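Treat the numbers as computed from the prediction; the structure is a model and nothing was measured.
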Amino acid sequence: MCGGSAQPGAPRDNAGRTCRTLFRSRIPTRVGGGGGAEAAELPHSWPCSELDLSEIRLLVYQDCERRGRQVLFDSKAVQGTEAVAAQNTEDVPVRESASCCRGGGGGASPHGSPGRSLQHATEQLPKYQYSRPASDVSMLGEMMFGSVAMSYRGPTLKIHHIRSPPQLMVSKVFSTRAGSLCGSTNNLQDSFESISQDPGLGKLNTSHSSLGPCRAGSNLGLPQAGSSRPPGVAEAGPLRLTRSASFLAAHSTPVDMPSRGHHEDRDSGIARSASLSSLLITPLPSPSSSASSSSSYQRRWLRSQTTSLENGVVPRRSADETFSLADETCSSNPAIARRKKVAVSVIFSLCEKEEAQRDFQEFFFSHFPLFESHMNRLKSAIEKAMTSCRKVAESSLRVQLYVSCLMGALGEFRGTIWNLYSVPRIPEPVWLTMMSSTSERTQVCQRFLREFTLLIEQINKNQFFAALLTAVLTYHLAWVPTVMPVDHPPLKGFSESRSSQSVSMLARTHPYNPLWAQLGDLYGAIGSPVRLTRTVVVGKQKELVQRVLYVLTYFVRCSELQENQLTCSGPWSEDGQALNGSELETALEKGEVEESEYVVVTVRSQPALLPPGLPLSTAGKRGPVPAGPAGDSDTRDLDARLDQEGNTGPEQSSAVGGPGPQEPALGSCGKPQRLSRDDILRAGGEVNQPAASQVPRGEMSRRTLARSAAWLCPNKPPREGAPAAKVTFHIGSSLSPESDLESCSQTLGAGLQCLGLAPPPTSAQQGPGCLHSPGRHRNTCRPQSRSPAGPRGESGRGSGTTTAGQPPKTAPWAAPSSGAAGTGKRPREEPSPDRRAWPVSGVGVAMGVPCGDAVGKADLRIQGDIPRSESLDSALGGSDDEVCPQATVEPGQCGDRTAASLEVELPLPWARSFSSQSVRNFGRSLLAGYCPTYLPDLVLHGTSSDDRLRQCLPADLAHAVQHPVLDEPIAEALCIVADTDRGTVQVATSQRKAAEPGKLGQDVLVSSLVSGLLQSILQLHKLRVPATFCVAHLEDRLQELYLKSKMLSEYLRGHTRVHVRELGIVLGIEASDLPLLAAVASTHSPHVAQILL
Amino acid sequence: MNAIVALCHFCELHGPRTLFCTEVLHAPLPQGAGAGDGPGQGEPAEEEEGGIQMSSRIRAHSPAEGASAESSSPGPKKSDMCERFRSLAAGHPGYISHDKETSIKYVSHQHPNHPQLFSIVRQACVRSLSCEVCPGREGPIFFGDEQHGFVFSHTFFIKDSLARGFQRWYSIVAIMMDRIYLINSWPFLLAKIRGIIDGLQGKALRVFEAEQFGCPQRAQRMNTAFTPFLHQRNGNAARSLTSLTSDDHLWACLHTSFAWLLKACGSRLTEKLLEGAPTEDTLVQMEKLADLEEESESWANSEAEEERAPALLEGVERRELSKSSTDSLRSDCAGWQPRKLSVFKSLRHMRQVLGAPSFRTLAWHVLMGNQVIWKSRDAELVQSAFDVLRTMLPVGCVRIIPYSGQYEEAYRCNFLGLSPHVQVPPHVLSSEFAVTVEARPAARSNPNLAGCEDDQSLSKYEFVVTSGSPVAADRVGPTILNKIEAALTNQNLSVDVVDQCLICLKEEWMNKVKVLFKFTKVDSRPKEDTQKLLSILGASEEDNVKLLKFWMTGLSKTYKSHLMSTVRSPTASESRS
């Protein structure tokens, strides 16, 4: 444990407690009681107990054309000897030594006190002992470098998964340049040798055996060079590469499509987004109906275009980021420089426990941009360590300095990663919760408004809160698109969240990375110039800080992510050759909170190697394959049955969505052993209880994991059964007793072809939401819940909006669940009494019996397979009522291609999508609660003191600009620091605006518009206007801000100078409002930036 | 997903080779963009351009595989085409699948036709199979850079009874330019690709076992070991994956699987992004349009029989209304423009024509909802005046009868155009709730228009604004009127700025109206509370209150019913909390 910044145990315990309070406060009856801000923390979504920091290993390797590979550093070979050497017991050695390297460090120096002198640092050495690298370094070196030619000079990124022991290795391989010849001349090398030969340290040269390419007697190669200058002698070098190459990329790279590059404004130092200004010139598609959400839309569209492969590749940044071995003052003639590569690798040892392993992996892969950013930091620190240690003349000291610098940097890295993983998250970010759960909207509104007004009353004495809100609205700009008025009426009930149709359509036709989009939203990086903002609330009063954070989660907005599991329903095959069986498994899960249960639906097996839909006998023939008539009749058949079912047991069916009616079928399907009697009883009885419950996450994960493991081998039967304690419904194996035999045999056949493995549900919980969740379901067959704009609802499937929320009459299910979003409870759509109208209806057909039971009946033909489900299929066909399962080609399309293309057409399998809210996203992870210390990545968090903040902020901001976590150039990085103790709000920036001494940044001007808004909301609240209405009014007022910004931008179109008085009199805009409105305007009118910012 | 998925093979003799790859082709423009219902943005042109692009790109991809291989494009050389590398039979055109809903096409060939993509896939293949080191040789790796793209690669063995070591080495690679997306998708890709590999390995294993059963290679090899014969045999034994798996449909199968993989990975995560509520003006316009559609149907039915004057008049008005609202719908929602600026070009212009005091009187009445009567011989002038004046009001507050042969009651219209000879009832003329503007033929040229040479049509008239009780000059007037006047006075502000300003002011006041409506009509709160509320809203002066009350009539039905329904729902009890 080297981070030294946080004590692992403490925050979690806290969070654990608050979590419980939170759950309590969510139960509606107790809401009034004042759950308060103490409920504002939940344990991190990632259980990190298994993440052992010492298991994060740093490896630095060098590959020289002639000399081969050498280990430059291996943290595994370092042993701390502080027990012997440390004089100051209270000093955390790592921190201490880490800071030493940064003495000379410029902008990119990581955390640590920058002012420390080298002398001071060296005095505190030696604390480390460097032994020989571990035995696996040579293999790891192979993996890091591979055998790619040296010609490519840009950095290469690699990720390896090592199975045993389970490890994840991230490597970045850099070319070295200027200065690699400089100075060191075996100094370090010699030093290491002398150390390792020091009998007192007990190190002998035992390394040759394991380290092929390394020189005998040296465990650590350091930059070697031909020229043997005395250390510290300066050479003039042409290129210094501390600056991110990407920053410069937009100039030089010929880009033939709009990119978000920018150019620098010479005077102001402001880089403007070229792309956004170019939007005015370049015709960009805009959503047909609304120009309103255009800024979000265009940002996403551009992303999809710039990362497109279709038209060849356009490297988005020049690839000259290299590893600098040169001192700032030292360089060499590049002509002589020999090409080397340096690899920096970080290896995460994974826990042996599968679950923990998977947790970390999910976190790692979903948050990779952050990991990468910290790796870049680590790399800068290593560069610095290598150059700075050359200044030390004495060799043993030099090595000590080098090692301790690297260990320091590694300590920082470990600490940051650990913090990122384990930080307490705000469990119910207001905006996201309101957006995702319609049923709880009122409660959320009430709680939010209570906190909000409390803050306005309590801490706005000196306009503190107004200042904070002004700053947040100015920089976290993602709220703007959410209030831009659309020019079409709401598709759903007025109060329903209005999700952008055009964006969700774009996501399907031109997929981009929604995680990336969300990250940009959170950081407010949607204006022009692109600015990246974080907010830190500092204060000793934890509760107050938490309140502030909680309220801010309403204003710091982003899109909500949803995870869709696309499953294919077997493609059609005329010769009956192959059919898959994808299988749905539902289970009732005991809720954690309420006395009720969830129906958990898991998609069990998904053959990954899909049989082609077209018999090859007709392969030469172009065009659609005729629809299978079987499907047609079967669907009707099914509908009839469903109707019957619906009539006989309406109560049950409406009560439980899926499972109820299938229950008898299960028994008769010859699978009774999978259901215990109790389970059946339970299913019959308890399922009628409505209300939310929560799937124990861990449980689900384990199950799915085990399942996927079991399905790895195609011919093996799947692991038998789900845990016995759970009911496992195989929805739709057959629907009624009388049909069970037939369909049972059919499904047996279906099961046979399961070749693949069940896609492990990546989101750990597969709540009922995966059936009923908003996103992509069509609901055309659900007259009851059809959206007011009927025809639109029909055609606009997958509109990305929920249709829940219509008060159901018959379904007890529909009682609003009291579950909360943050932890995976979710709103559900209620089934309508009409059985066909179920969103699950598609499930109720011909699927799943475990494959294992169906040996050797591969050619059993399934008649009905899966009719196109009205609600679940995502999309391959046109209208809902067409039964034709084929992904046929539209005549138009077909015609288009006739002349041009001769490819054999194959239908895609039909898709069915199961959506669930994804918690593994930035919106849930970067809005943090009250943290033990300041942290660099979080969009929002609170902490008790600003000491560390003051130390680290400048470097953090500089780093954020140099290595943009957003994978696009940014112009400025900002941090809003609100100090509740002092009542100050300041904005620190990466730009060299001189802040007054003692201040982190500039004080925020309180916008009078914001201030007025706060007052009127407070007064309305005092007048006992209902919370939901107050919130609606708040939205209206925000919309006013947007409209005013439109006016301002229009005004600025004709003016290069702003006459504040004029604005004040006529437009009602005051000087204090200008920064806010200008920032808002920059999201829709790039020209504003040129004038105002 | 913007990716290419490829199957690669490491040949003992020739090294890494690409066998099969699936690309994704997107429509050049997103669906719904520029679909024609958003004119005024130059979108039709874009569409056209897009169309051209599209077809040309298709052409670029279209040549049959065989043709392109023989052309000068960097396709594989003939000599490379031993059975093993030939995935699709010579001359096979490749596969395609359409995803109709998203207009995405999935196309499979042995190699991409695009030269740059060809080399990218080639590079990925080489690195996957011969450069990058994967521990255990089978497993996932990620590697890449900005120049060559980023690659998720999974290497694996396929059983082959005739191969050295009884297995052959393959990999499946997914290539993207968006490294973050690719890395985010790692767990997903790993699971899916692993599944595909399992499928392939399973098939091959069965073939392998059958072959071993029929003719045990190991024993045979033991016997023939170290003879040159073996080498030769192996040369002949170059077998395609199709025969290794004994699946004739293998490539079609892979195409389907890869296409599916690309589709599933692309739609794995979706986001829900909220957009703002429509403004009241938008809602009202939509409602009016919907009503009109209904009514025009019924009116069309009854048109034949009903010829009476009032009905006709109504019809005319409705058509007019329909026309203008359709127009306004088409125009940008933010900038609600008068239909035609034939006579009066803007409020500012009208203010110039009428003179500031008269305009103020008129505007005051307009904002308060009093009846505004224009009398003129020129119907177009009246229409134009109304078009300009209505921009001061929310759409829902505007009821126009543009030109009528008889007086219409105030409840039917707040803008009424009359021909000069029509008698207006005396009680109306003397009422403080009506204002009359008469356009009389001018005796001399209007002094207000001295500067405007192009106002010939207007210079013929002089305008007399009269009301039963003239607005006192010292009366403060509604806040919004003062702001509008300020905006109109300031010549620094362009017409567009004034338009935006009007929108802002209207929305600002409509937001107050909403609160008042909720307070008084929905919740029926007592008077004193209402007073407090009005002062919170900054609207406690008499004129402002009047204005709010009038504007309340302009709220959309949608909004009102929304508020009413929430009151009835259980959440209404929340005010207790």
Side-chain angles (χ1 to χ4, degrees), chain A residues 32 142-143 146-148 154 156 158-159 162 283 285 288 293 307-308 312 315 319 365 368 442 482-487 489 494 499-500 503 506 508-509 511 513-514 559-560 562 566 608-610 612 714 755-757 875 889 900-904 906 908 1019 1024 1026 1036 1043 1047 1050-1051 1066, chain B residues 2 29-33 35 38 46 58 62 64 93-98 101-102 116 131-133 135 142-143 145-147 177-178 181 183 186 195-196 198-199 202 252-253 256-257 264 266 269-276 278-279 286 333 486-487 496-497 500 504 511 536 562 571 575 577:
Chain A
E142 290 288 322
M143 288 158 60
S147 54
V148 185
T156 302
K158 293 183 192 179
I159 301 174
I162 302 164
S288 61
S293 56
T307 58
S308 167
F365 288 117
F368 184 77
T442 309
T482 66
V483 300
M484 287 186 189
V486 294
D487 59 358
F494 197 86
S499 72
S500 168
V503 169
L506 176 74
R508 281 181 298 147
T509 57
N513 187 354
S559 59
E560 175 69 307
Q562 185 173 287
L566 215 58
L609 188 59
L610 300 168
L755 290 168
L757 68 164
V889 192
S901 154
L902 297 166
E903 281 104 351
V904 174
L906 296 175
L908 277 175
Q1019 298 304 325
R1024 290 180 294 113
D1036 285 342
L1043 291 171
M1047 181 164 67
E1050 200 55 61
Y1051 174 80
V1066 179
Chain B
N2 249 325
L29 279 176
Q31 271 182 6
E46 281 168 44
I58 282 182
S62 61
Y95 296 101
I96 187 166
S97 290
H98 296 266
E101 189 209 22
T102 57
Q116 228 179 344
C131 297
E132 301 299 336
V133 179
F142 170 92
F143 56 83
D145 52 62
E146 286 290 341
Q147 190 179 324
M177 289 314 287
D178 187 340
Y181 201 177
I183 292 173
W186 170 299
I196 294 174
D198 287 338
C253 182
T256 312
S257 308
L269 286 175
T270 51
E271 50 173 0
K272 180 175 167 188
L273 192 72
L274 293 202
E275 50 193 15
T279 59
M286 300 312 269
C333 78
D496 289 335
V497 178
Q500 282 298 333
C504 282
N511 288 339
I536 291 169
H562 160 64
T571 58
S575 51
S577 68

Next item on the list: State, yes or no, whether a side-chain contact exists between A:Pro485 and B:Pro278 at a heavy-atom distance under 4.5 Å.
Entry: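 No, too far: nothing below the 4.5 Å cut-off.
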Checklist line | Minimum side-chain heavy-atom gap B:Thr270-A:Pro514 below 4.5 Å | finding: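 Contact flag for B:Thr270/A:Pro514 side chains = no.
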Check: How many angstroms lie between atom OG1 of A:Thr482 and atom CG of B:Leu274, to the nearest 0.5 angstrom?
Finding: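 A:Thr482 atom OG1 to B:Leu274 atom CG measures 7.0 Å (nearest 0.5 Å).
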Checklist line | Straight-line distance of B:Phe142 CZ to A:Phe368 CZ, nearest 0.5 Å | finding: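 So the CZ of B:Phe142 and the CZ of A:Phe368 are separated by 6.5 Å.
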Provide the closest heavy-atom pair for [X] versus [Y] in the form atom of the first, atom of the second, distance.
| X | Y | answer |
| --- | --- | --- |
| A:Thr509 | B:Thr102 | CG2-O, 3.3 Å |
| B:Pro135 | A:Ile162 | CG-CG1, 4.0 Å |
| A:Gly146 | B:Val133 | CA-CG2, 4.3 Å |
| B:Ile536 | A:Gln1019 | CD1-CB, 3.1 Å |
| B:Gln500 | A:Leu1043 | OE1-O, 4.3 Å |
| A:Pro511 | B:Gly266 | CB-O, 3.9 Å |

Next item on the list: Test side-chain contact (heavy atoms from CB on, under 4.5 Å) on A:Ile159 and B:Trp186 and set out the steps.
Entry: CA-CA 10 Å; A:Ile159 301 174; B:Trp186 170 299; 3.8 Å; yes
Notebook entry, point to check: Hey, does the side chain of B:Ser97 reach the backbone of A:Leu906 with a donor-acceptor pair shorter than 3.5 angstrom?
Noted result: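 Indeed, once roles are kept as given, a pair shorter than 3.5 Å links the two residues.
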